J.: 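Shown below is the structure under consideration.
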There are 2 protein chains.
Amino acid sequence: MSTNPEIIEQRLKASGHRLTKTRKALLNTLISSARPLSIEDMGAQLKVQGIAVNKTTIYREVDFLLKQKLLEEVRLDPERRYYEFALGTHHHHIRCLSCGAIEDVSSTALEQATKQVKAGTMYQVIDHMMEFAGLCPACQR
Amino acid sequence: MSTNPEIIEQRLKASGHRLTKTRKALLNTLISSARPLSIEDMGAQLKVQGIAVNKTTIYREVDFLLKQKLLEEVRLDPERRYYEFALGTHHHHIRCLSCGAIEDVSSTALEQATKQVKAGTMYQVIDHMMEFAGLCPACQR
DNA sequence: GTACGTGCAAATACTTTGCAGATAA
DNA sequence: TTATCTGCAAAGTATTTGCACGTAC
């Protein structure tokens, strides 16, 4: 099995693109993040790493990585767009409305339900999105 | 069983609000729409009905109706926010990535899956969102 | 060397706010 | 009458674009 860096490098090269320092740092940040990141989050994290990247560049880079299917958008909350590395295992999220904590949700029931929707519609289903929100254990008190 | 207009009027009055001409027209538009509407959509539809409403007013009105739980936000597509009348039956949507058509998806499997997620998490689940996207029959050709 | 990538400034799009006048109850 | 509602202008944000320079390959 190939590792993420190999797959990434291969995809980029195949389309005549480069693995620049900025791009590499951004991808690493996204890959190692425990939760989806907003544009603002990415800028902040890169800054902490000593790599100041212009916001315009991050917008463009996210756009590019989405097209390369290396990133996917997560609609966790209507206010902000979040992005997540796309080569991990498929999963959904639950977000705490009070403190903003985010956890992965993986459920075979969800995957089965998705299959049923696919079977029951005349559409060719290409994408689906499911997110949950509520109160985390700590915030319920 | 009470009709929508009655419930609406009751809720508004209860909180000291009014059923103005603009508000009534906007609600009717949303209630009778076959699909969720964006802010822009609402403005256009009202205009067609001969009721020109300022965009600021629509933003404020949507905000207000969301707080009154008469409207809910539908995240059909990351580019735009859509809203739907909230007193109908609970359902989800599938959207055609090619022509933008939108259909309702109702699936007992989805509801069961939601229950399983609720049962399997320590979170108190308050909200969930599921949307599908793909190609409608016509666009598959 | 050349096409891709980046930063900066400016443009555009989207949404919110402040305030004065209009209107439902 | 009076608190809610509305429109207009302006302020804030978020996102995109143009262009010149920088850099991976």
Side-chain angles (χ1 to χ4, degrees), chain A residues 5-6 8-30 36-47 49-68 70-71 73-83, chain B residues 5-6 8-30 36-47 49-68 70-71 73-83:
Chain A
E6 282 168 356
I8 292 167
E9 198 150 356
Q10 182 186 326
R11 284 208 196 175
L12 293 180
K13 296 286 166 60
S15 52
H17 295 289
R18 298 168 188 168
L19 198 52
T20 61
K21 181 182 136 197
T22 297
R23 181 166 289 162
K24 201 180 290 186
L26 182 57
L27 273 165
N28 282 336
T29 300
L30 284 155
L37 300 177
S38 67
I39 298 284
E40 206 183 338
D41 292 338
M42 297 177 208
Q45 298 235 4
L46 288 171
K47 198 167 188 178
Q49 296 170 41
I51 305 167
V53 179
N54 189 281
K55 193 172 274 189
T56 300
T57 301
I58 301 179
Y59 273 107
R60 266 190 294 228
E61 197 56 29
V62 164
D63 219 54
F64 170 78
L65 295 173
L66 285 170
K67 285 201 187 94
Q68 299 292 317
L70 290 173
L71 229 56
E73 179 159 3
V74 182
R75 275 166 276 175
L76 275 178
D77 121 40
E79 307 304 317
R80 216 175 299 278
R81 297 178 179 192
Y82 292 89
Y83 304 89
Chain B
E6 282 170 355
I8 292 166
E9 198 151 357
Q10 181 186 327
R11 284 208 195 174
L12 293 181
K13 295 287 166 60
S15 52
H17 295 287
R18 298 169 189 169
L19 198 52
T20 61
K21 180 183 137 195
T22 297
R23 182 166 289 161
K24 201 180 290 187
L26 182 57
L27 273 165
N28 282 336
T29 300
L30 284 156
L37 301 177
S38 67
I39 298 283
E40 206 182 338
D41 292 337
M42 297 176 209
Q45 298 235 4
L46 289 171
K47 198 167 188 178
Q49 295 170 40
I51 305 167
V53 180
N54 189 281
K55 193 171 276 191
T56 300
T57 301
I58 301 179
Y59 273 107
R60 266 190 297 227
E61 198 55 29
V62 165
D63 220 54
F64 170 78
L65 295 173
L66 285 171
K67 286 201 186 96
Q68 300 292 317
L70 289 173
L71 228 55
E73 179 160 2
V74 181
R75 275 166 277 174
L76 274 179
D77 117 41
E79 308 304 317
R80 216 173 299 277
R81 297 178 180 194
Y82 292 88
Y83 303 88

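All of these numbers come straight from a predicted model, not from anything done at the bench. Numbers restart at 1 for each chain; the letters A, B, ... are given by sequence-line order, proteins then strands. Note that these values count all heavy atoms, side chains included, but never hydrogens, waters or copies made by symmetry.
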J.: Checking side-chain contact (heavy atoms from CB on, under 4.5 Å) against A/L26, which of A/L65, A/T20, A/V53 comes through?
T.: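 Testing A/L26 for a side-chain contact (heavy atoms from CB on, under 4.5 Å) against A/L65, A/T20, A/V53 leaves exactly one candidate, A/L65.
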
J.: Could you give the OH-to-C1' distance, from B/Y59 to D/dC5, as a whole number of Å?
T.: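 Computing the B/Y59:OH to D/dC5:C1' distance gives 19 Å.
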
J.: Over how many whole Å does the gap from B/E79 atom CD to D/dA14 atom P extend?
T.: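 Checked: the CD to P distance equals 16 Å.
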
J.: If we fit an axis to the first five pairs and another to the last five of the helix from C/dG1-D/dC25 to C/dA25-D/dT1, what angle do they make, to the nearest 10°?
T.: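 Rounded value for the end-axis angle: 40°.
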
J.: How close or far is atom C1' of C/dT17 from atom CD of B/E61, stated in whole angstroms?
T.: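 Rounded to whole Å, this separation is 17 Å.
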
J.: In this structure, how many angstroms lie between the P atom of C/dT17 and the NZ atom of B/K55, rounded?
T.: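 After rounding, the reported distance stands at 17 Å.
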
J.: Nearest whole angstrom, please: distance from the C1' of C/dA25 to the CG of B/L12.
T.: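 Taking CG of B/L12 and C1' of C/dA25, I get 13 Å after rounding.
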
J.: Between CG of A/N54 and CD of A/E61, what distance do you get to the nearest 0.5 Å?
T.: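 Going from CG on A/N54 over to CD on A/E61, the span is 12.5 Å.
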
J.: Salt-bridged, A/E73 to B/R75, with N to O below 4.0 Å?
T.: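 Looking at A/E73 and B/R75, the cut-off is not met.
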
J.: Do NZ/NE/NH1/NH2 and the carboxylate oxygens of B/K55 and B/E40 come within less than 4.0 Å?
T.: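 No, B/K55 and B/E40 are not salt-bridged.
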
J.: Which nucleotides of nucleotides 17-25 of chain D have their base under 4.0 Å from a protein heavy atom (B), which only their sugar-phosphate (S), and which neither (-), written as one string 5' to 3'?
T.: BB----BBS

J.: Under a 3.5 Å distance rule, please check whether A/R81 uses its side chain to pair with a backbone N or O of A/I39 as donor and acceptor.
T.: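 No, A/R81 side chain to A/I39 backbone: no donor-acceptor pair under 3.5 Å.
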
J.: So how far is it from A/H17 NE2 to A/I8 CD1, rounded to the nearest 0.5 Å?
T.: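 Result: 14.5 Å between the selected atoms.
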
J.: Can you see if the side chain of A/N54 gets near the phosphate of C/dT6 - specifically, an N or O under 4.0 Å from OP1 or OP2?
T.: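 No, A/N54 has no side-chain N/O under 4.0 Å of OP1/OP2 on C/dT6.
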
J.: Starting at the 5' end of DNA chain C, which residue's closest nucleotide do you reach first, A/A52 or A/S15?
T.: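 Counting from the 5' end, the first nearest nucleotide belongs to A/S15.
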
J.: Quick one: does A/L70's side chain get under 4.5 Å of A/Y83's, heavy atoms only?
T.: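 Heavy-atom side-chain distance check fails, nothing below 4.5 Å.
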
J.: Under a 3.5 Å distance rule, please check whether B/T29 uses its side chain to pair with a backbone N or O of B/A25 as donor and acceptor.
T.: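 Looks like yes, one N/O pair under 3.5 Å.
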
J.: Without decimals, in angstroms, what is the distance between B/M42 CE and C/dT15 P?
T.: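 Checked: the CE to P distance equals 11 Å.
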
J.: Measure across A/P36 and A/D41 and return the closest heavy-atom pair with its distance rounded to 0.1 Å.
T.: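 That closest heavy-atom pairing would be O-OD2, 4.3 Å.
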
J.: Just the rounded figure in Å: distance from C1' of D/dT13 to CD1 of A/I39.
T.: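 In whole Å, D/dT13 C1' lies 14 Å from A/I39 CD1.
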
J.: Over how many whole Å does the gap from A/K24 atom NZ to C/dG5 atom C1' extend?
T.: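 Rounded to the whole Å, the gap is 15 Å.
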
